[in-house]
Engineer: 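If you scroll down you'll find the structure; I have some questions about it.
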Amino acid sequence: MDEDEKSPSPAESWAIIDAQRRQVREDLNADDRILYGIWGVAWGLGYLAMFLTVGDRGEPTAIGGGVFAGLLIAALIVTIVHSERRARGLGGAGGRMNTRLGTAWAVTFGATFFIYGGMFSHGLEGEGVGVVTNALPCLIVACLFMGSGAAWNDTRQYRLGIWIAASVAIASVIGVPYLHLVMAVLGGGGFLAAAFLAHRDRRQA
Amino acid sequence: MSELDPVIHAQARLRVVASLAAMPNNASITFPRLQKLLEMTAGNLSTHLRKLEEAGYVRQSKTIEGRTPVTYVEITPAGLAAFERYTAQIRSLIDPTGASS
């Protein structure tokens with residue numbers, strides 16, 4: 001009999017099903033451990049650099065801002081490359097929804113830069129600037145995580161969105177210079193906790 | 001117990017159906033990516049997809065992306081139901097008491 005047409009035993013069938021599920025997960029699903037982990041490191045170290053290099057009047061410095069920006073860009077590159085590789089060749093309603101969610105990130109962050117430009121050109125000054133410039137992108141991350149979590153029934157991502165919204169709310173109330181420390185611990189810590197839970201789930205699967 | 005579905009209960013087609021049923025967010029997949037995932041020849045995969053399509057378990061749709069024709073493959077609701085039925089049968093054959101479920 002043709003090997004392909006061979007009827008497997010129940011144990012062989014179960015092994016085939018299990019192996020294919022694992023392979024699909026390894027080859028096509030984005031690895032949450034990598035994505036949450038890289039953003040946890042970027043937020044944790046980046047915000048910590050901002051906090052440690054803050055100026056005498058609580059203003060961020062070029063060194064802190066540069067380190068943070070570098071880490072965010074690195075995390076963004078890893079995210080795009082990893083997600084693109086895993087999702088290549090996938091389509092249908094799921095693929096379309098992913099494309100639209102990806103576009104939502106680009107549109108909202110693009111709009112953020114115009115809002116920043118408007119804030120500065122209209123003369124917004126003082127410590128409040130630091131609070132708002134931090135809160136705006138963080139709240140976008142929180143909203144899009146909650147939206148994606150709801151769309152894909154991904155409870156962990158949904159909860160992480162709530163956690164980030166709560167973290168940025170607390171950090172904003174506290175204000176500079178401790179705002180950055182709060183974001184490093186709660187925000188970065190939230191991402192790393194999500195990465196750890198994703199790792200635990202994989203080991204148990 | 002009823003007979004195992006002969007369309008699914010063949011080594012190669014079981015691999016195809018199990019993979020399509022596990023797609024993230026019920027996504028469809030291009031023929032070349034599925035071929036790479038399963039490490040099957042194009043001819044072999046086509047043959048098995050045709051049998052699954054005849055049974056109503058799989059749908060193939062052709063589209064144009066840029067200037068390139070692309071074939072997407074996805075499992076149908078009937079295919080997913082048949083696979084879930086098959087999986088339940090296999091599970092009860094391995095563990096008739098249902099102790100592990």
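The structure presented is a predicted model; accordingly, all values stated were derived computationally and were not measured. Here is how names work: the chains are called A, B, and so on, in the same order as the sequence lines, proteins then strands, and each is numbered from 1.
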Engineer: Can you confirm whether more than 12 heavy atoms, excluding those of A:E26, are under 6.0 Å from its CD atom?
Structural biologist: yes
Engineer: Might you point out which heavy atoms bring B:R33 and A:D27 nearest each other, and give the distance in Å?
Structural biologist: NH2-O, 3.1 Å
Engineer: Testing the basics here: between B:S28 and A:G92, what is the closest heavy-atom pair and its distance to 0.1 Å?
Structural biologist: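 Heavy atoms only, the tightest pair is OG-N, 3.0 Å.
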Engineer: Show the nearest heavy-atom pair for residues B:H9 and A:P8, with the distance to one decimal.
Structural biologist: CE1-O, 3.0 Å
Engineer: If you define the side chain from C-beta out and look only at heavy atoms, does anything of A:I17 sit under 4.5 Å from B:F83?
Structural biologist: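 Answer yes - side chains close enough.
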Engineer: Should the heavy atoms of other residues, nucleotides or ligands under 6.0 Å from CZ of A:R25 be counted, would the total exceed 12?
Structural biologist: yes
Engineer: Determine the option with the most heavy-atom pairs under 4.5 angstrom with chain B, choosing from A:M97, A:Q20, A:E12.
Structural biologist: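 The candidate making the most pairs under 4.5 Å is A:Q20.
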Engineer: Can you tell me how far the CD atom of A:Q23 sits from the CG atom of B:L37, to the nearest 0.5 Å?
Structural biologist: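 Answer rounded to 0.5 Å: 4.5 Å.
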Engineer: State, with a plain yes or no, whether a side-chain heavy atom of B:I29 is found less than 4.5 Å away from one of A:L28.
Structural biologist: yes
Engineer: Mark yes when over 12 heavy atoms from residues, nucleotides or ligands other than A:I162 sit less than 6.0 Å from its CD1; otherwise mark no.
Structural biologist: yes
Engineer: Looking at A:F120, I'd like to know if its CZ atom is crowded, meaning that more than 12 non-hydrogen atoms belonging to other residues, nucleotides or ligands lie closer than 6.0 Å.
Structural biologist: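 Count over threshold, so yes.
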Engineer: So for atom CZ, which belongs to A:R159, do other residues, nucleotides or ligands contribute more than 12 heavy atoms lying within a distance under 6.0 Å?
Structural biologist: no
Engineer: What part of A:N153 lies closer than 4.5 angstrom to a heavy atom of chain B: side chain, backbone, both or neither?
Structural biologist: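 Neither part, no heavy atoms under 4.5 Å.
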Engineer: Rounded to the nearest 0.5 Å, how far does CG of B:L93 lie from CH2 of A:W14?
Structural biologist: 11.0 Å
Engineer: State the CG-CH2 distance between B:N25 and A:W152, to the nearest 0.5 angstrom.
Structural biologist: 4.0 Å
Engineer: Under 4.5 Å, counting heavy-atom pairs only, tell me which of A:A19, A:P10, A:A11, A:S9 racks up the most with chain B.
Structural biologist: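 Going by pairs under 4.5 Å, I would pick A:P10.
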Engineer: Counting only non-hydrogen atoms closer than 4.5 Å, does A:R88 touch chain B with its backbone (N, CA, C, O), its side chain (CB onward), both, or neither?
Structural biologist: both
Engineer: Take a 6.0 Å sphere around OH of A:Y158 and say whether it holds more than 12 heavy atoms from other residues, nucleotides or ligands.
Structural biologist: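 No, because the 6.0 Å sphere around OH of A:Y158 holds 12 heavy atoms or fewer from other groups.
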Engineer: Locate the shortest heavy-atom distance separating B:P24 from A:L90; write the atom from each residue and the value.
Structural biologist: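 That closest heavy-atom pairing would be CG-CD1, 3.8 Å.
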Engineer: So how far is it from B:R13 CZ to A:I16 CD1, rounded to the nearest 0.5 Å?
Structural biologist: 12.0 Å
Engineer: Could you state the interatomic distance from OG (A:S13) to CZ (B:R91), rounded to the nearest 0.5 Å?
Structural biologist: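 Here the rounded value is 13.0 Å.
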Engineer: In terms of heavy-atom proximity below 4.5 Å to chain A, should B:T47 be classed as side chain, backbone, both, or neither?
Structural biologist: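 Contact with chain A: none, neither part.
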